[in-house]
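Worksheet: one structure, shown below.
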Protein chains: 2
Amino acid sequence: MDNELSPAARERLLGAGLELLLQRGYHGVGVQALLDAAQAPKGSFYHHFRDKEDFALQVIDAYMAGVHGALDASLSDTSLPPLDRVRRFFDMVAQGYASDGYLGCLLGGLGQELSGVSPVFGERIDGCLTYIAGRLAQPLDEARVAGQLPADTDPQALAMLLVNCWEGAALRSRLSHDPAPLRAMLDFFFQAATRE
Amino acid sequence: MDNELSPAARERLLGAGLELLLQRGYHGVGVQALLDAAQAPKGSFYHHFRDKEDFALQVIDAYMAGVHGALDASLSDTSLPPLDRVRRFFDMVAQGYASDGYLGCLLGGLGQELSGVSPVFGERIDGCLTYIAGRLAQPLDEARVAGQLPADTDPQALAMLLVNCWEGAALRSRLSHDPAPLRAMLDFFFQAATRE
DNA sequence: ATCCGTCTAGACCGAACGGTCTAATGATGC
DNA sequence: GCATCATTAGACCGTTCGGTCTAGACGGAT
């Protein structure tokens with residue numbers, strides 16, 4: 001059933017969606033362009049997805065699967081100090097941005113474009129960002145307990161702030177085709193948070 | 001020629017553009033929707049604007065005119081300490097967001113959506129953000145000289161960082177229909193920058 | 001062999017898209 | 001009055017949009 005060597009149409013479509021939605025946005029990509037990129041006929045698309053909105057939501061799921069992987073890979077290495085693990089996560093994400101040509105973050109892109117149109121997208125993406133912040137809050141709290149952050153730090157709030165500012169830096173990096181805003185933001189943040 | 005009481009079609013169109021582009025994005029708004037909102041016929045639109053892209057660029061100009069005003073109003077009051085003047089600027093902008101229903105920043109929205117399509121937009125918006133940062137860099141430098149910021153602070157870099165993180169907070173505020181991310185970001189930033 | 005559900009295949013649909021065109025209208029300078 | 005030019009007005013164009021529909025291909029299970 002699943003042919004490992006040539007992925008099924010559904011996976012090809014999701015892959016094309018990840019690339020094209022990041023590049024051109026939701027309304028900038030027609031269903032036909034997705035079919036062309038994935039070499040799939042229209043019948044396949046509407047067999048696997050209810051409509052374009054359902055497709056985009058599943059593309060977000062696919063994107064988040066990658067984020068989950070990066071979170072697991074970077075945060076699980078307990079040989080590193082907790083703050084280094086957090087920083088490592090963002091370094092991994094930034095590396096992903098680089099290989100896309102600095103197009104920023106899919107969550108930011110779609111969130112910006114679609115939150116005013118359909119509340120479904122806004123809530124979904126807000127939830128994704130909150131989830132990421134939640135994962136990051138744990139090592140931040142470890143760092144607090146270990147005395148690497150001020151004792152009165154609110155790890156959840158700090159994680160939220162970090163994710164939000166990261167999205168802003170990602171947008172700027174997209175506009176300038178330059179990773180510098182990402183690094184500058186992280187440097188400032190970690191220097192500021194740790195300084196007591 | 002100019003009728004002050006009922007603005008000319010060009011101004012009505014730009015006004016509708018400011019509102020609709022912020023709400024639904026570039027590809028989410030058709031020319032017809034703009035005509036309906038501005039109560040203008042199609043002939044007017046293509047008389048005043050070369051095409052939809054030219055229109056959007058002029059909407060950005062109109063938006064920046066407002067930003068110029070807010071910059072002038074907030075930064076010129078030299079009776080306030082320089083850092084308070086910067087903070088005041090963002091408070092004014094946040095007030096504008098509130099009256100729109102927390103839809104975030106037009107620059108961020110269009111930048112995110114269009115930078116992957118037409119480089120013209122990306123460069124234009126990047127330039128707008130750089131301009132704003134440049135204006136903010138001046139009071140930041142004043143604050144540095146006055147000893148309210150570390151002596152080795154790079155005001156231009158700090159201003160750029162501030163603007164970028166602000167855009168991220170604005171996106172998040174849009175997603176959650178909530179001004180909290182804006183305030184949290186400013187609080188963290190000013191506390192972090194001033195603490196030596 | 002045959003049956004059945006999954007998936008592929010693309011013609012086809014009405015609506016909406018951005019953009020063009022010509023005609024009418026209104027104010028201004030002569 | 002008359003000519004001029006900016007603006008209004010909307011019918012109209014070809015293309016593309018998201019989405020539907022029917023027909024056939026493929027692969028087990030029986």
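In the text below, chain A, chain B and the rest are named by the order of the sequence lines, each starting its count at 1.
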For residues 177-189 of chain A, please give each side-chain donor-acceptor pair under 3.5 Å, one per line with the distance, not counting sequence neighbours.
unit_1, atom_1, unit_2, atom_2, d
A/Asp178, OD1, A/Ala180, N, 3.0
A/Asp187, OD1, A/Arg87, NH1, 2.9
A/Asp187, OD1, A/Arg87, NH2, 3.0

- Touch class at under 4.0 angstrom, heavy-atom based, for A/Ala40 against every strand present: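 No contact.
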**Report entry** salt bridge (charged side-chain N to carboxylate O under 4.0 Å, His left out) against B/Arg85, all qualifying residues, sequence neighbours excluded
**Finding:**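 B/Glu142.
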Answer yes if the ring centres of A/Tyr63 and A/His68 are under 6.0 angstrom apart, and no otherwise.
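When the ring centroids of A/Tyr63 and A/His68 are compared, they turn out to be at least 6.0 Å apart.
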If you restrict it to nitrogen or oxygen atoms, what contacts under 3.5 Å exist between nucleotides 17-19 of chain C and the protein, and what is each distance?
unit_1, atom_1, unit_2, atom_2, d
C/dG18, OP1, B/Lys52, NZ, 2.6
C/dG18, OP2, B/Val31, N, 2.7
C/dG19, OP2, B/Tyr46, OH, 3.2
C/dG19, OP2, B/Lys52, N, 3.0
C/dG19, N7, B/Lys42, NZ, 3.1
C/dG19, O6, B/Lys42, NZ, 2.3

Calculate the interatomic distance between [X] atom [atom1] and [N] atom [atom2]; express it in whole Å.
| X | N | atom1 | atom2 | result |
| --- | --- | --- | --- | --- |
| A/Asp54 | D/dG18 | CG | P | 15 Å |
| A/His47 | D/dC26 | NE2 | C1' | 13 Å |
| B/Phe49 | D/dT7 | CZ | C1' | 13 Å |
| B/Leu13 | D/dT7 | CG | C1' | 12 Å |
| A/Leu34 | D/dG18 | CG | P | 8 Å |
| B/Asp36 | C/dA16 | CG | P | 11 Å |

For residues 19-30 of chain A, tabulate all N or O donor-acceptor pairs below 3.5 Å that involve a side-chain atom, not counting sequence neighbours.
unit_1, atom_1, unit_2, atom_2, d
A/Tyr26, OH, A/Glu53, N, 3.3
A/His27, ND1, A/Glu113, OE2, 3.2

**Request:** Could you pull out all residues at least two apart from B/Gln39 that satisfy side chain to side chain contact (heavy atoms under 4.5 Å, CB included)?
**Result:**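 With neighbours one apart ignored, the set is empty.
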Please determine if a side-chain N or O atom of B/Ser44 lies less than 4.0 Å away from the OP1 or OP2 oxygen of D/dT7.
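No, B/Ser44 has no side-chain N/O under 4.0 Å of OP1/OP2 on D/dT7.
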Quiz item: Tell me, which pairs form a salt bridge (Lys or Arg N to Asp or Glu O under 4.0 Å) where one or both residues lie in residues 62-82 of chain A, sequence neighbours left out?
Solution: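 Checked against salt bridge (Lys or Arg N to Asp or Glu O under 4.0 Å) - neighbours excluded - the pairs reaching residues 62-82 of chain A are A/Asp72-A/Arg135.
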